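Heads up: the structure comes next, in structure tokens.
Atoms within each ligand, like the ligands themselves, are counted from 1 in listed order. Just so you know, these numbers use all the heavy atoms, side chains as well, and skip hydrogens, waters and symmetry mates. For clarity, every value in this text was computed on a predicted model and none was experimentally measured.
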Amino acid sequence: MGRIITIVSGKGGVGKTSLTANLGVALAQSGLKVLLVDADVAMANLSLILGMQSSPITLHDVLLGESTIGDAVYDGPGGVFFVPSGLSLEAYRRVDSERLESVIRSIQEKYDYILIDAPAGIEKNVMAAIAAAEETLIVTTPDSPSVADAIKIKLVAQRLNVNPIGAIINFVRNEKGEIRAQDITKLLELPVLGTVPEDPEIRRSFMQENALPMILHKPNSPASNAIRKIAQKLSGKAVEAESEAKGQGFFSRLFGKFRKK
Ligand SMILES: Nc1ncnc2c1ncn2[C@@H]1O[C@H](COP(=O)(O)OP(=O)(O)OP(=O)(O)O)[C@@H](O)[C@H]1O
Ligand SMILES: [Mg+2]
């Protein structure tokens, strides 16, 4: 049975979606079979970061009972598999996110890791994304509003009987005034699995014409190196940095767009 981990944060914009994509690719590069699920059913972003814009069947269709989960799994870049969320506001309004748990559990045995990208906050769709998993990874930035919200989301996970396994500190600049990793460990009562520096390559990699997760586009950037370490800590498997995916981008995108699994 694979591990199902929801990437959560409380506060928005701290890097959940970016980390889901890049951590997923890093785990896949170590030989694991990885499925990424965009459970941000209102504001789907993961497709853009993976460089996959058009997916005819989405999680919306699955949650509406109109398609099976198998029909919504696509080949993504870097060897990951991917379930996109839909963009239609009308479908979003009708979606029953409580079905997510049974949908995800039905495919658990097919993958080593299922990483679920949750929306921010503690609303119904966030709870559904957490409840669909067995573990959560909490993303925070090194400042008090973000850490305060991280504490809240940890309590939500525990109430849902989902195990918070650790925190990732993102957007680290090592500036005076930032909350240190050891203090975040104490405040959250959780181990810090890794710190990821603020790195412009994260935004650049999806703003270029052939969008790809940073870890494929700039495998040796500071944030890519940090994310590979986190993947290694999570799985216990070494991840080698691959060479820059300039020439492969086109093929990854092509497969991602047109092949379904
Ligand atoms: N370490 C980093 N360094 C620089 N920019 C980053 C870093 N991590 C994320 N970003 C950028 O910050 C923005 C927000 O990231 P992202 O969408 O991953 O956050 P999120 O937590 O998923 O947001 P939301 O709560 O809206 O879902 C994006 O533009 C992304 O490129
Ligand atoms: Mg997001």
Please tabulate, one line per pair, the protein nitrogen or oxygen atoms found under 3.5 angstrom from a nitrogen or oxygen of ligand 1, with distances to 0.1 Å, or say none if there are no such pairs.
| unit_1 | atom_1 | unit_2 | atom_2 | d |
| --- | --- | --- | --- | --- |
| ligand 1 | 1 (N) | N170 | OD1 | 2.8 |
| ligand 1 | 1 (N) | P197 | O | 3.0 |
| ligand 1 | 3 (N) | D199 | N | 2.8 |
| ligand 1 | 3 (N) | D199 | O | 3.4 |
| ligand 1 | 8 (N) | N170 | ND2 | 2.9 |
| ligand 1 | 18 (O) | T17 | N | 3.4 |
| ligand 1 | 18 (O) | S18 | N | 2.8 |
| ligand 1 | 18 (O) | S18 | OG | 2.6 |
| ligand 1 | 19 (O) | G15 | N | 3.0 |
| ligand 1 | 21 (O) | V14 | N | 3.1 |
| ligand 1 | 21 (O) | G15 | N | 2.9 |
| ligand 1 | 21 (O) | K16 | N | 2.9 |
| ligand 1 | 21 (O) | K16 | NZ | 2.8 |
| ligand 1 | 22 (O) | K16 | N | 3.4 |
| ligand 1 | 22 (O) | T17 | N | 2.9 |
| ligand 1 | 22 (O) | T17 | OG1 | 2.8 |
| ligand 1 | 23 (O) | G13 | N | 3.1 |
| ligand 1 | 25 (O) | G13 | N | 2.9 |
| ligand 1 | 25 (O) | K16 | NZ | 2.7 |

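- With rounding to the nearest 0.5 angstrom, the CD atom of E98 is 9.5 Å from the CG atom of N125.
- Around atom CD of E189, no more than 12 heavy atoms belonging to other residues, nucleotides or ligands sit under 6.0 Å away.
- By the side chain to side chain donor-acceptor pair (under 3.5 Å) test, N225 pairs with R228, sequence neighbours left out.
- With a cut-off of 2.8 Å, the protein N/O/S atoms near the Mg ion (ligand 2) add up to 1.
- Other residues, nucleotides and ligands contribute at most 12 non-hydrogen atoms within 6.0 Å of the CD atom of E123.
- Cation-pi geometry between K33 and F81 is met: under 6.0 angstrom from the ring centre, within 45 degrees of the axis.
- Using a 4.0 Å cut-off between charged nitrogen and carboxylate oxygen, E134 and R3 do not count as a salt-bridge pair.
- By the 6.0 Å contact criterion, CD on Q182 is enclosed, its count of non-hydrogen atoms from other residues, nucleotides or ligands being greater than 12.
- Residues satisfying the side chain to side chain donor-acceptor pair (under 3.5 Å) test with E66, not counting sequence neighbours, are none.
- Between R99 and D96, none of the side-chain N atoms (NZ, or NE/NH1/NH2) sits under 4.0 Å from a carboxylate O, so this pair counts as no salt bridge.
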